[in-house]
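Please read the structure below before turning to the comments.
Whatever order the structure lists them in is the order used to number ligands and atoms, beginning at 1.
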Amino acid sequence: MKHKILKITYFCMLVACGLGQNTAIAQQKNESDQYRPAFHFTPKSHWMNDPNGMVYLNGKYHLFYQHNPNSSVWGPMHWGHATSTDLDHWDHQPIALYPDSLGTIFSGSAVVDVNNTAGFGKNALVAIFTHHNHKIEEAKTGLHQYQSIAYSIDEGKTWTKYEGNPVLPNPGIWDFRDPKVMWHTQSKKWIMTLATKDRITFYSSPNLKNWTKESEFGEKSGAHGGVWECPDLFPLSVNGIQKWVLLVSINPGGPAGGSGTQYFVGDFKEGIFSADHTDIRWLDYGADNYAGVTWSNTGNRKIFMGWMNNWTYANQIPEQGFRGATTIARELQLKKVGNEVYLSAAPVKEFNLILDKAAQLKYSAAKTDYDLSTKVTSFKGKYQLELTTAQKQSFSLRLTNDNGDELVLGYDAKNNTFYTDRTKSGQVDFEKSFPRVTTAPRISKDNHIQLKLILDVTSAEVFADNGLTVMTNTFFAHSPLTQLHIKSTKPLLIQNLKYAGIKSL
Ligand code: FRU
């Protein structure tokens with residue numbers, strides 16, 4: 001009898017446990033997946049911030065990233081790793097770099113050492129990164145950041161740290177980090193662009209191991225509302241003339257509050273960078289594009305990716321099980337508007353490969369309300385929309401759901417600005433500055449306004465005028481924003497409207 005009762009109890013326990021477990025799994029899945037972007041890169045689990053070491057080799061784009069594999073908040077940094085052949089689909093790879101006795105692994109870059117300058121092997125991948133020593137930082141007994149290298153001779157699968165690390169000791173600057181290295185063909189040397197507190201310091205090296213200071217830039221240029229971080233220097237041509245672009249992330253002091261990325265267009269001669277302009281220029285006017293840099297070894301093409309987040313609330317965003325994502329990959333180009341040269345950023349052409357069920361609408365009469373809900377509802381809040389207006393006139397895209405959430409973005413003719421309003425976009429109260437309207441100046445002088453929106457579960461990336469004005473903002477709606485109206489107070493003619501869903505990856 002006793003035996004039977006035990007058996008029944010055991011059976012009940014199994015059932016109960018099983019059910020309980022399934023419910024727990026279901027809940028976990030629900031919670032963790034509600035805000036997982038569908039086509040942006042995210043870590044499998046836990047925390048990510050800056051993209052690092054982006055390098056192209058033998059048909060593969062490598063993406064490393066600041067990663068805390070033990071928690072969904074920032075902590076001891078590792079370099080996570082993923083690879084892609086098309087910049088759309090990412091395969092997770094084992095962690096590439098772990099903390100060691102010199103410190104945790106902060107941001108940096110990677111290069112292909114085509115000529116074996118470092119002696120690790122022809123075409124070895126060499127990562128150049130900041131070692132960040134928490135023990136020194138906490139004890140405040142010295143300088144906690146210095147630059148080190150690691151190499152891989154199996155295309156990024158395994159990494160060996162160089163025994164002579166650090167290769168660039170700290171000269172006495174507390175914030176001394178985020179090396180971005182490129183091969184400078186003119187001088188036949190490596191150039192390291194390093195964030196050094198409130199300016200950039202350039203170093204050169206014949207072999208990635210011995211570094212010589214060349215110059216500094218920026219103490220009196222650009223925005224200085226916060227510390228300078230994650231720079232990048234690269235050449236780009238405009239109308240057949242080669243210019244140099246310097247990207248500098250800054251936190252706080254960005255255009256939408258908190259983190260942001262400014263850029264300078266100028267020249268880089270004999271180890272010295274000089275800017276052609278004195279005005280402050282932002283790569284992206286939204287709140288959520290930080291620490292982005294470009295891929296190495298992609299020839300004349302400059303492909304950029306940023307961390308789609310902002311340090312103001314990065315540790316609080318309501319994602320569960322993972323935290324953080326990148327922007328989609330963007331191609332950077334220089335464009336002339338009047339006498340000025342601006343940096344534009346537009347989705348890479350490979351992004352078109354994941355568009356699905358593309359359709360086009362042409363209108364001949366102006367309207368004050370284009371109800372597009374029936375067109376986009378089935379995309380469940382994940383789509384691309386592109387429009388061109390006949391006039392330079394105010395309009396707004398209103399993205400809503402049945403929960404009363406709304407994300408509004410558009411063009412304001414009076415101020416000649418684009419904007420994104422996420423004040424009522426869903427969960428906004430996890431940090432006080434999150435519910436905000438971000439604005440961006442219009443750079444283009446064209447009479448037609450062209451706007452491309454790429455919408456994912458938690459992000460709206462707006463590319464206006466073919467990427468001359470860019471705004472990236474995250475949001476956390478209670479359910480997908482499946483309804484869409486384009487509205488204007490005066491009748492507006494949309495000449496051309498294209499939309500497409502996104503294939504599941
Ligand atoms: C930028 C940054 C870098 C640093 C890294 C640490 O977001 O602060 O300057 O290397 O993140 O995770």
Side-chain angles (χ1 to χ4, degrees), residues 43 46-54 63-81 95-99 102-110 127-134 136-138 143-150 166 168 170 173-181 192-201 218 223-232 247-254 256-262 283-284 287-293 304-317 323-327 472 474:
H46 299 312
W47 170 269
M48 83 163 286
N49 55 293
D50 316 353
N52 292 150
M54 292 131 86
L63 168 65
F64 300 88
Y65 56 94
Q66 289 286 280
H67 183 41
N68 181 359
N70 302 312
S71 162
S72 295
V73 292
W74 189 85
M77 284 294 114
H78 299 54
W79 270 26
H81 185 199
I95 289 176
L97 297 175
Y98 285 81
L102 288 174
T104 59
I105 317 296
F106 268 23
S107 288
S109 50
I128 308 96
F129 58 90
T130 300
H131 257 128
H132 176 97
N133 193 319
H134 287 281
I136 296 182
E137 183 186 16
E138 276 146 33
L143 294 154
H144 61 145
Q145 295 179 344
Y146 24 82
Q147 318 319 318
S148 292
I149 59 177
L168 178 57
N170 191 310
I173 304 165
W174 187 255
D175 294 297
F176 187 71
R177 59 178 178 265
D178 309 338
K180 181 73 163 63
V181 173
M192 179 196 289
T193 305
L194 193 70
T196 50
K197 190 180 165 202
D198 57 352
R199 65 195 74 176
I200 297 303
T201 307
H224 280 277
V227 68
W228 283 24
E229 299 184 316
C230 297
D232 193 0
L247 305 183
V248 178
S249 281
I250 166 172
N251 179 62
S259 318
T261 302
Q262 58 182 327
L283 177 83
D284 192 313
D288 299 290
N289 181 0
Y290 192 59
V293 291
F304 167 98
M305 203 178 238
W307 175 42
M308 200 155 59
N309 218 328
N310 190 311
W311 278 118
T312 315
Y313 41 74
N315 281 287
Q316 283 109 282
I317 54 174
R323 232 193 221 112
T326 64
T327 65
T472 303
T474 55

Under the ring-ring contact (aromatic ring centres under 6.0 Å, His included) criterion, do His134 and His144 qualify, and how do the steps go? CA-CA 7 Å; His134 287 281; His144 61 145; 8.2 Å; no
Expected rows: ligand 1 N/O, protein N/O, dist below 3.5 Å:
residue, atom, partner, partner atom, Å
ligand 1, 7 (O), Asp50, OD1, 2.7
ligand 1, 7 (O), Asp50, OD2, 3.2
ligand 1, 7 (O), Trp311, NE1, 2.8
ligand 1, 8 (O), Glu229, OE1, 3.4
ligand 1, 8 (O), Glu229, OE2, 2.9
ligand 1, 9 (O), Arg177, NE, 2.7
ligand 1, 9 (O), Asp178, OD1, 3.4
ligand 1, 9 (O), Asp178, OD2, 2.6
ligand 1, 9 (O), Glu229, OE2, 3.1
ligand 1, 10 (O), Ser107, N, 3.1
ligand 1, 10 (O), Asp178, OD1, 2.6
ligand 1, 11 (O), Asn49, ND2, 3.2
ligand 1, 11 (O), Asp50, OD2, 3.1
ligand 1, 12 (O), Asn49, ND2, 3.0
ligand 1, 12 (O), Gln66, OE1, 2.7
ligand 1, 12 (O), Trp74, NE1, 3.0

Residues two or more places apart in sequence or in another chain: which of them pass side-chain hydrogen bond (donor to acceptor under 3.5 Å, both in side chains) with Asn170?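 Asn170: no side-chain hydrogen bond (donor to acceptor under 3.5 Å, both in side chains) contacts found.
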Given the rule in the side chain to side chain contact (heavy atoms under 4.5 Å, CB included) test, do Leu168 and Tyr146 qualify, once you have shown the distances and angles that lead to the verdict? CA-CA 6 Å; Leu168 178 57; Tyr146 24 82; over 6 Å; no
Does the plane of the ring in His131 sit parallel, tilted or perpendicular to the ring in Phe129? Use 30° and 60° as the thresholds.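 If you compare the ring of His131 with that of Phe129, the planes turn out perpendicular.
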Salt bridge Asp175-Arg177, side-chain N to carboxylate O under 4.0 Å: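 A salt bridge is present here (some side-chain N lies under 4.0 Å from a carboxylate O).
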I'd like to know whether the aromatic ring centres of His67 and His46 sit less than 6.0 Å apart in this structure.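 So the answer is no for these two rings.
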